[in-house]
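Below is one structure, written out as structure tokens, with a few remarks after it.
Chain identifiers are assigned alphabetically (A, B, ...) following the order of the sequence lines, protein sequences preceding nucleic acid strands; residue numbering begins at 1 within each chain. Keep in mind the model is a prediction, meaning the values are calculated, not measured.
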Amino acid sequence: MLPLFFEFHSPTKVVYGPGLVSDLHAELSQVGARRYLLVSDRGLEKLGLPARVAASLEDAGVQVVGSFLDVPENSELGAVRACADEAAAVGAEGLVALGGGSVIDTAKCANILLSEGGDLVDDYSGAGTLTRPLRPLVAIPTTAGTGSEVTQAAVILDEAGSVKLSFSDKFLLPTLAVLDPELTVSLPPRLTASTAMDALTHAVESYVSPQWSPMSEALAAGAVRLIFDHLEAAVADGSDLEARGALLTAAAMAGIAFSHAMVGCVHGMAHAVGGLCHVPHGEANAILLPHGLEYNRDVVEERLAGLAPFVNGLTSEEDRLDPADRVIAAIRNLAGRLNKAGVLATRLRDVGVPEERLEAVAAATVMDGTSFYNPREVVADEILRHLRNAY
Amino acid sequence: MGSFTSSEQFETMLGGFFEHLTTVPSIAEKLLASKLIIRFKYTDPDVVLVVDCSGDALEIRRGDSETTATVEMFMTADVAHRFWFGKVNLMMALTRKQMVAKGPVPKILELLPAIKPAYQLYPTYLRENGYAQYVID
């Protein structure tokens with residue numbers, strides 16, 4: 001049965017191709033801006049990526065009038081302001097973000113200040129606060145996880161108050177997303193695994209979300225298939241461009257899916273262990289995904305079953321399970337194989353979560369905003385039981 | 001034109017409901033725990049209501065445009081009315097710009113589970129306080 005209402009808005013132009021970043025002439029000529037500030041980070045600078053991209057942008061006929069490479073691991077307000085100041089000082093007409101979610105989110109918010117001026121926190125934090133399009137933003141992801149290159153959201157840390165500020169607006173959607181798998185080959189196996197599991201969690205949670213639509217489910221299911229078919233190959237051989245490209249594409253598809261359909265208690269638990277025990281988001285999602293699905297299983301059985309054709313890696317015995325249980329088993333098996341390969345933790349105890357913190361994690365999960373979009377009510381006692389299973 | 005023509009009437013009706021919620025312990029306690037100050041700015045007709053969770057007790061202030069709010073929510077009176085029946089999906093409304101939220105949206109989302117029981121209280125409140133004609137089936 002179709003939902004009574006859905007909206008689908010995904011105007012970001014997505015282009016894909018190995019080596020594409022070396023020839024962006026066709027795409028950039030349609031974007032409109034001529035003078036760009038390149039936004040990236042110091043880690044990528046050491047790999048020479050910003051210089052390579054800047055050269056190719058110049059070859060494409062646009063000017064790179066400056067660069068801002070001081071984006072921290074987690075985007076911060078100070079960096080956003082400094083980036084916007086730099087963009088204004090060099091007369092940038094647009095921004096190119098080269099990096100992971102932190103770099104892209106920094107560029108999104110710097111673009112607000114560059115385009116509109118004002119105070120980022122007082123005037124624009126929140127949802128729907130922008131009233132007109134911003135300057136062009138080209139997003140070139142170097143990780144395959146957050147999907148920020150195709151979402152309308154950005155999260156920035158206010159380092160003074162240790163508060164995470166969220167920005168959500170259709171005008172934050174990048175103008176162009178360039179998916180070039182060559183840019184992800186240097187991602188270490190551990191990060192490859194956890195970022196891809198983050199994308200898998202986006203896909204699976206959005207697929208079973210009460211907010212699903214036929215548009216979001218198609219993208220989510222496609223992302224699940226790509227991740228199951230290619231994640232282990234990318235971990236085994238980081239230079240496998242086919243596998244890298246599949247993960248990059250999957251992350252973008254899952255990003256579009258979850259930014260429309262939302263996520264649920266897996267993310268709620270991951271946010272809680274991230275906030276209380278500092279577990280990286282991708283690793284937390286990877287550990288908690290099968291447990292969150294078990295929590296929701298009975299109310300999402302039919303929807304979850306729809307993902308069964310898109311997963312693999314089951315034993316002959318598991319192949320005889322109900323479709324929904326096959327999906328959960330396949331996810332558990334995938335995480336298990338990555339664990340055996342030494343690139344992914346599968347238990348909370350292995351990522352430094354103290355057992356005595358589980359009750360607090362359960363309580364924080366209930367209060368997380370994702371609870372509202374979970375397919376069933378999020379109850380602390382039951383969540384605690386599943387957290388103990390994950391411990 | 002929306003369903004409500006008088007600012008005074010809408011302020012009394014919705015402000016009264018908010019005040020009623022302060023007497024429901026299961027809801028009030030969770031709101032207080034948030035420590036948020038939320039200003040609702042309604043249009044068609046224009047009404048401002050502040051829900052102040054920053055003190056020891058919940059305070060509802062009508063027409064308060066002075067207090068510095070943690071979050072400001074903008075919407076029409078009709079959207080607000082339908083929201084309290086549980087008939088407006090917050091994320092969808094934000095996406096469609098039926099609502100605009102200034103400030104930390106995740107903190108607002110965190111409150112949604114706490115106020116969910118209020119959806120059942122709203123029609124009862126309307127019927128018991130002379131606003132039965134506004135009950136939506």
### Task
Report the C-alpha separation of Lys97(B) and Asp169(A) in whole Å, then their side-chain angles, then the decisive distance to 0.1 Å, and conclude whether the side-chain contact (heavy atoms from CB on, under 4.5 Å) test is met.
CA-CA 9 Å; Lys97(B) 296 217 175 194; Asp169(A) 201 297; 3.3 Å; yes
### Greater than 12 external heavy atoms within 6.0 Å of Glu302(A)'s CD
no
### Message
If you count heavy atoms of other groups shown closer than 6.0 angstrom to CD of Glu19(B), is the number above 12?
### Response
yes
### Message
Which atoms of Lys116(B) are under 4.5 Å from chain A, going by heavy atoms: the side chain, the backbone, both sets, or neither?
### Response
side chain
### Task
Write out, in numerical order, the residues from residues 33-72 of chain B with a heavy atom short of 4.5 Å from a heavy atom in chain A.
none
Run the side-chain donor-acceptor check on residues 74-94 of chain B: report pairs under 3.5 Å with partners two or more places apart or on a different chain.
unit_1	atom_1	unit_2	atom_2	d
Thr76(B)	OG1	Val79(B)	N	3.1
Asp78(B)	OD1	Ser3(B)	N	3.0
Asp78(B)	OD1	Ser3(B)	OG	3.2
Asp78(B)	OD2	Ser3(B)	N	3.2
Asp78(B)	OD2	Ser3(B)	OG	3.4
His81(B)	ND1	Tyr122(B)	OH	2.7
His81(B)	NE2	Tyr134(B)	O	2.8
Lys87(B)	NZ	Asp137(B)	O	3.4
Asn89(B)	OD1	Met91(B)	N	3.0
Asn89(B)	OD1	Met92(B)	N	2.9
Asn89(B)	ND2	Gln211(A)	OE1	2.8

### Message
I need the full list of side-chain hydrogen bond (donor to acceptor under 3.5 Å, both in side chains) pairs touching residues 104-128 of chain A, with sequence neighbours left out, sorted by first then second residue.
### Response
Asp105(A)-Ser148(A), Lys108(A)-Ser148(A), Lys108(A)-Thr151(A), Asn111(A)-Ser115(A), Glu116(A)-Arg132(A)
### Query
So what's closer than 4.5 Å to chain B heavy atoms on Val366(A): side chain, backbone, both or neither?
backbone
## Note on the structure
By salt bridge (charged side-chain N to carboxylate O under 4.0 Å, His left out), Arg303(A) pairs with (sequence neighbours left out) Glu217(A)
